[in-house]
Number of protein chains: 2
Amino acid sequence: MMDDRHYMQKALLLAETAAANGEVPVGALVVLPDGREFAGHNAPITLHDPSAHAEMRAMRAACAAVGNYRLNDATLYVTLEPCTMCAGAIVHARIGRVVYGADDPKTGAVTSLYQILADHRLNHQPTVTSGVMADECSALLKNFFRRRRQNRGTVAN
Amino acid sequence: MMDDRHYMQKALLLAETAAANGEVPVGALVVLPDGREFAGHNAPITLHDPSAHAEMRAMRAACAAVGNYRLNDATLYVTLEPCTMCAGAIVHARIGRVVYGADDPKTGAVTSLYQILADHRLNHQPTVTSGVMADECSALLKNFFRRRRQNRGTVAN
């Protein structure tokens with residue numbers, strides 16, 4: 001959808017903000033049915049918070065604004081496939097639709113390692129669209145890790 | 001271990017605090033290697049935050065205090081088996097040891113539905129001890145749901 005690219009472009013800009021702070025570049029945007037938007041960028045190192053992934057921060061901001069821990073019918077845009085933590089929070093928040101960019105073969109919990117959002121033993125299954133602007137989302141991550149390896153003078157992550 | 005029961009007793013008291021607030025009674029305690037303790041009780045409804053599970057709040061409090069998103073060698077006590085969200089955060093925080101009380105056959109991600117803390121594809125595997133004061137932890141939950149059903153006059157959760 002045209003709209004998906006529009007919102008993913010914003011999530012990409014948030015991912016760049018994360019990178020500028022030395023954080024793994026992931027950005028997220030929660031869009032409510034009434035059009036309100038809540039942004040998050042990855043910040044665990046900066047905030048000393050292991051839960052401060054981009055999508056967690058966007059969801060928490062949206063929940064604080066609406067005064068409810070559920071975000072029925074909201075759409076979550078995120079540049080990288082959510083991990084187990086974020087996938088679990090997406091289920092708890094009853095997010096209606098998840099749109100993500102690049103797959104994460106190392107820790108992804110929507111398609112790659114686990115398929116948590118499709119698990120009918122849990123009490124909610126959002127709609128999922130993947131691969132939106134995947135090349136741009138992935139390039140941002142690859143460039144970040146390449147630069148970090150160069151700065152450290154090593155070949156390991 | 002004697003110590004495990006000591007800390008789990010504190011987690012149980014925190015679970016009672018959650019119940020007093022109308023939240024599902026789960027309590028957690030992070031204990032650092034230097035003996036410092038950080039408490040958390042389940043509060044998603046009260047705080048309008050889908051991520052406000054007991055163990056998430058205890059870990060976030062500990063991380064804020066030490067100024068680091070990692071809690072190497074810390075022990076996390078929690079009355080109920082962690083869900084996918086909390087298990088993911090435990091891995092991100094590099095918690096050294098997880099001690100939990102009751103199994104959660106509906107959403108547990110350590111033993112029941114998933115075994116995330118034993119997944120060697122992820123980059124950390126804490127030691128896990130389960131079943132500590134399981135009867136007490138489980139009774140608190142059962143009583144809570146029984147009272148809630150009675151108050152609602154229905155037989156569903």
Side-chain angles (χ1 to χ4, degrees), chain A residues 23-24 30 40 42-53 55-72 74 76 82-95 104-110 112-117 119-124 157, chain B residues 23-24 30 40 42-53 55-72 74 76 82-95 104-110 112-117 119-124 157:
Chain A
E23 303 272 5
V24 174
V30 166
N42 191 42
I45 302 167
T46 315
L47 297 180
H48 308 143
D49 181 353
S51 76
H53 280 191
E55 54 272 63
M56 298 289 278
R57 297 184 64 216
M59 285 190 284
R60 295 182 77 213
C63 286
V66 301
N68 195 318
Y69 77 102
R70 292 192 175 168
L71 297 170
N72 300 316
L76 169 69
C83 70
T84 60
M85 175 180 75
C86 295
I90 286 164
V91 173
H92 295 320
R94 307 289 193 274
I95 291 278
D104 183 352
K106 284 189 179 174
T107 67
V110 177
S112 300
L113 298 191
Y114 297 97
Q115 297 79 42
I116 288 173
L117 301 186
D119 187 340
H120 285 269
R121 299 171 301 179
L122 302 175
N123 47 19
H124 178 69
N157 271 358
Chain B
E23 303 272 6
V24 174
V30 166
N42 191 41
I45 301 167
T46 315
L47 297 180
H48 308 143
D49 181 354
S51 77
H53 281 192
E55 54 271 63
M56 297 289 278
R57 296 184 64 216
M59 285 190 284
R60 296 181 78 212
C63 285
V66 302
N68 196 318
Y69 76 102
R70 292 192 175 168
L71 297 169
N72 300 315
L76 168 69
C83 70
T84 59
M85 174 182 75
C86 295
I90 286 165
V91 172
H92 294 321
R94 307 290 193 273
I95 292 278
D104 183 351
K106 284 188 179 174
T107 66
V110 177
S112 300
L113 298 192
Y114 296 96
Q115 297 79 43
I116 288 173
L117 302 186
D119 186 341
H120 285 269
R121 298 172 301 179
L122 302 175
N123 48 19
H124 178 69
N157 271 358

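Here is how names work: the chains are called A, B, and so on, in the same order as the sequence lines, proteins then strands, and each is numbered from 1.
- B:M56 is listed as a side-chain neighbour of A:M85, based on a closest heavy-atom distance under 4.5 Å.
- When each of A:D119, A:L47, A:V91 is checked for heavy-atom pairs under 4.5 Å with chain B, A:D119 comes out on top.
- Heavy-atom pairs under 4.5 Å with chain A were tallied for B:R70, B:H53, B:M59; the largest tally goes to B:H53.
- Atoms OG1 and CG, on A:T84 and B:L122 in that order, are 6.5 Å from each other to the nearest 0.5 Å.
- When all heavy atoms are compared, the tightest approach of A:A89 to B:P50 is O-CB, 4.3 Å.
- In this structure the side chain of B:H48 never reaches within 4.5 angstrom of the side chain of A:R60, judged on heavy atoms.
- Listed options A:N123, A:L113, A:I116 were ranked by heavy-atom pairs under 4.5 angstrom with chain B; first place goes to A:L113.
- Between chain B and the residues A:A52, A:G67, A:A109, A:C83, the most heavy-atom pairs under 4.5 angstrom are made by A:G67.
- For chain B, the nearby part of A:N68 is the backbone; its heavy atoms alone come within less than 4.5 Å.
- Contacts between A:A64 and chain B at a heavy-atom distance below 4.5 Å involve the backbone alone (N, CA, C, O).
- The OG atom of A:S51 lies 12.5 Å from the CD1 atom of B:I90; values are rounded to the nearest 0.5 Å.
- Heavy-atom distances place both the backbone and the side chain of A:I45 under 4.5 Å from chain B.
- Using cut-offs of 30° and 60° on the angle between ring planes, the pair A:Y114 and B:Y114 is perpendicular.
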